[in-house]
Amino acid sequence: MATNIGMMDGAYFVGRSEILAWINSTLHLNLNKVEEACSGAVQCQLMDAVHNGMVPMHKVNFDAKSEYEMIQNYKVLQDVFNKLKITKHIEVSKLVKGRPLDNLEFMQWMKRYCDSVNGGSMNTYNALERRDACKGGKEAHKRGAQSQTSAKGAAASQRSHSSHTARRNDVPPSVNSTSQSGKTSRPASSGGPAPPVYDEQITELKLSVDSLEKERDFYFAKLRDIEILCQNPEIEHLNVVAAIQKILYATEDDASVVADAQAMLSRPSKDADLLSPIAEVSEEKVSSETQKRKTYLNLDVDAAAITTLSPKQRISDASDVHCSGSPLMTY
């Protein structure tokens, strides 16, 4: 079952219209906006539909208006989550404000969870009967019925208007031109309420802006985490870190930035000498050490030769040194 899903999961890309259609068909309601479910009562009944009898519906208030009453509904929902060991965090403080994006995301998660339980099968659930036990449940029935009636009336009026327009199109051109001239002589009315289609477009735009801002903040946080990791003293000297920083700090959208970063990976590391366990020794130093060892070896050989000579040979050698004028011999 899907209890915790990532923000990039497909569940969070389900549209508002699909969510509303799912809620209305499952619970026999007629919600027009997702934020109308901010009281938490709808969420409680959705959980009751999935786990029949698990939710104490007599504690659910469908007529909740204040934040205090809404919080009581979310407490009931949280108790159900605890019983079912669902670890989903409910952001009550945001949901009760009625913000469209927050309520849409929570409903998207609810749909994903309900679909994951028994394949989303809730055909045997009697939503009207279960809602009768709730406070304000019967009023919710009436509101739903009135909304459906008004919707049917609006559709009928739309059909009659279209038929009337069709009949007007059948009027002879002379009569039609006369009526058009009469209409142009009347001043146009202004200041009336905005059509419902504009309200729907405004809501869609608000949801789109909120979603884009949240996605922007999500990816910015990821980039910030990468930047902090690259500043670690233990790895900041590596070529791969320098290449990553090259891309992170690029101010222009240029393909050459990636090429430069790839070229940096092929360069030798700056601290290759420091990482090597064996220090290199210059040839001059090696030759110097070799010459010293040869000198010490010759002195040892000479000393050993002197100790093995007889006294007569030693005197002969001394006279040879005297004849050569060496300052080492004094008499």
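Just so it is clear, the model here is predicted, and its values are computed rather than measured.
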Asp102 side chain vs Leu95 backbone, donor-acceptor pair below 3.5 Å = no
Using a strict cut-off of less than 4.0 Å between a Lys/Arg side-chain nitrogen and an Asp/Glu carboxylate oxygen, indicate whether Arg224 and Glu227 qualify as a salt bridge.
-> yes
CZ of Phe62 to CG of Leu27: how many Å apart, nearest 0.5 Å?
-> 6.5 Å
Shared ILVMFWY cluster between Phe81 and Met107, side chains joined below 4.5 angstrom?
-> yes
Check whether any side-chain heavy atom of Leu207 sits under 4.5 Å from a side-chain heavy atom of Arg16, and report yes or no.
-> yes
Hey, any chance Met54 and Val117 share a hydrophobic cluster, counting ILVMFWY side chains that come within less than 4.5 Å of each other, even indirectly?
-> yes
Heavy atoms, side chains only, cut-off 4.5 Å: are Tyr74 and Val96 in contact?
-> yes
From CA spacing to verdict: side-chain contact (heavy atoms from CB on, under 4.5 Å), Met47, Leu77 = CA-CA 8 Å; Met47 292 300 296; Leu77 183 63; 3.6 Å; yes
Find the distance between NZ (Lys83) and CD (Gln78) and round it off to the nearest 0.5 Å.
-> 12.0 Å
To the nearest 0.5 Å, atom NZ of Lys111 lies from atom OG1 of Thr26 at 8.5 Å
Are any of the side-chain heavy atoms of Lys214 and Glu105 separated by less than 4.5 Å?
-> yes
Decide whether Tyr249 and Leu238 are clustered together by the hydrophobic rule: side chain heavy atoms of Ile, Leu, Val, Met, Phe, Trp, Tyr closer than 4.5 Å, transitively.
-> yes
Single-linkage hydrophobic cluster, 4.5 Å side-chain cutoff, Ile228 and Phe220 together | no
Flag if over 12 foreign heavy atoms under 6.0 Å of CZ, Arg99 = no
Shared hydrophobic cluster, Leu265 / Ile235 (ILVMFWY, side-chain heavy atoms < 4.5 Å) | yes
Donor + acceptor pair across side chains of Asn73, Glu69 (<3.5 Å) | no
Shortest non-hydrogen contact between Asn61 and Ala41, atoms and distance = O-CB, 3.6 Å
Heavy-atom nearest pair, Leu20 first then Asn32, reads CD1-O, 3.4 Å
Min side-chain heavy-atom separation Met70-Cys38 under 4.5 Å | yes
Value rounded to 0.5 Å, distance of SG in Cys114 from CG in Leu46 | 5.5 Å
About how many Å separate CD1 of Ile19 and CG of Asn24, when rounded to the nearest 0.5 Å?
-> 11.0 Å
Any donor and acceptor pair, going by atom type alone, linking the side chain of Asn126 with main-chain N or O of Glu129 inside 3.5 Å?
-> yes
Search all heavy atoms of Met264 against all heavy atoms of Ala243 and return the closest pair with its distance.
-> CE-N, 4.0 Å
Within the distance-only criterion (no hydrogens, no angle test), does the side chain of Asp48 pair as donor or acceptor with the backbone N or O of Cys44 below 3.5 angstrom?
-> no
Is the backbone of Met57 close enough, under 3.5 Å, to the side chain of Arg131 for a donor and an acceptor to pair up by distance?
-> no
Can Lys246 and Asp260 be said to form a side-chain contact (heavy atoms from CB on, under 4.5 Å), step by step?
-> CA-CA 8 Å; Lys246 176 78 173 177; Asp260 294 343; 3.9 Å; yes
Donor-acceptor pair, Gln43 side chain versus Ala37 backbone, under 3.5 Å?
-> yes
Any salt bridge between Lys65 and Asp63, counting N to O under 4.0 Å?
-> yes
Minimum heavy-atom distance between Val76 and Lys59, given as atom pair plus value | CG2-CB, 3.9 Å
Please step through side-chain contact (heavy atoms from CB on, under 4.5 Å) for the pair Gln45 and Tyr125, ending with a clear verdict.
-> CA-CA 10 Å; Gln45 190 168 14; Tyr125 181 72; 3.3 Å; yes
Any chance you could measure Met110, atom CE, to Asp115, atom CG, to the nearest 0.5 Å?
-> 11.0 Å
Stepwise, does the side-chain contact (heavy atoms from CB on, under 4.5 Å) test hold for Lys94 with Phe106?
-> CA-CA 11 Å; Lys94 294 183 179 179; Phe106 191 64; over 6 Å; no
So, does Glu35 use its side chain to make a donor-acceptor pair with the main chain of Pro100 at under 3.5 Å?
-> no
Closest non-hydrogen atom pair, Gly53 against Arg130 = CA-NH2, 4.0 Å
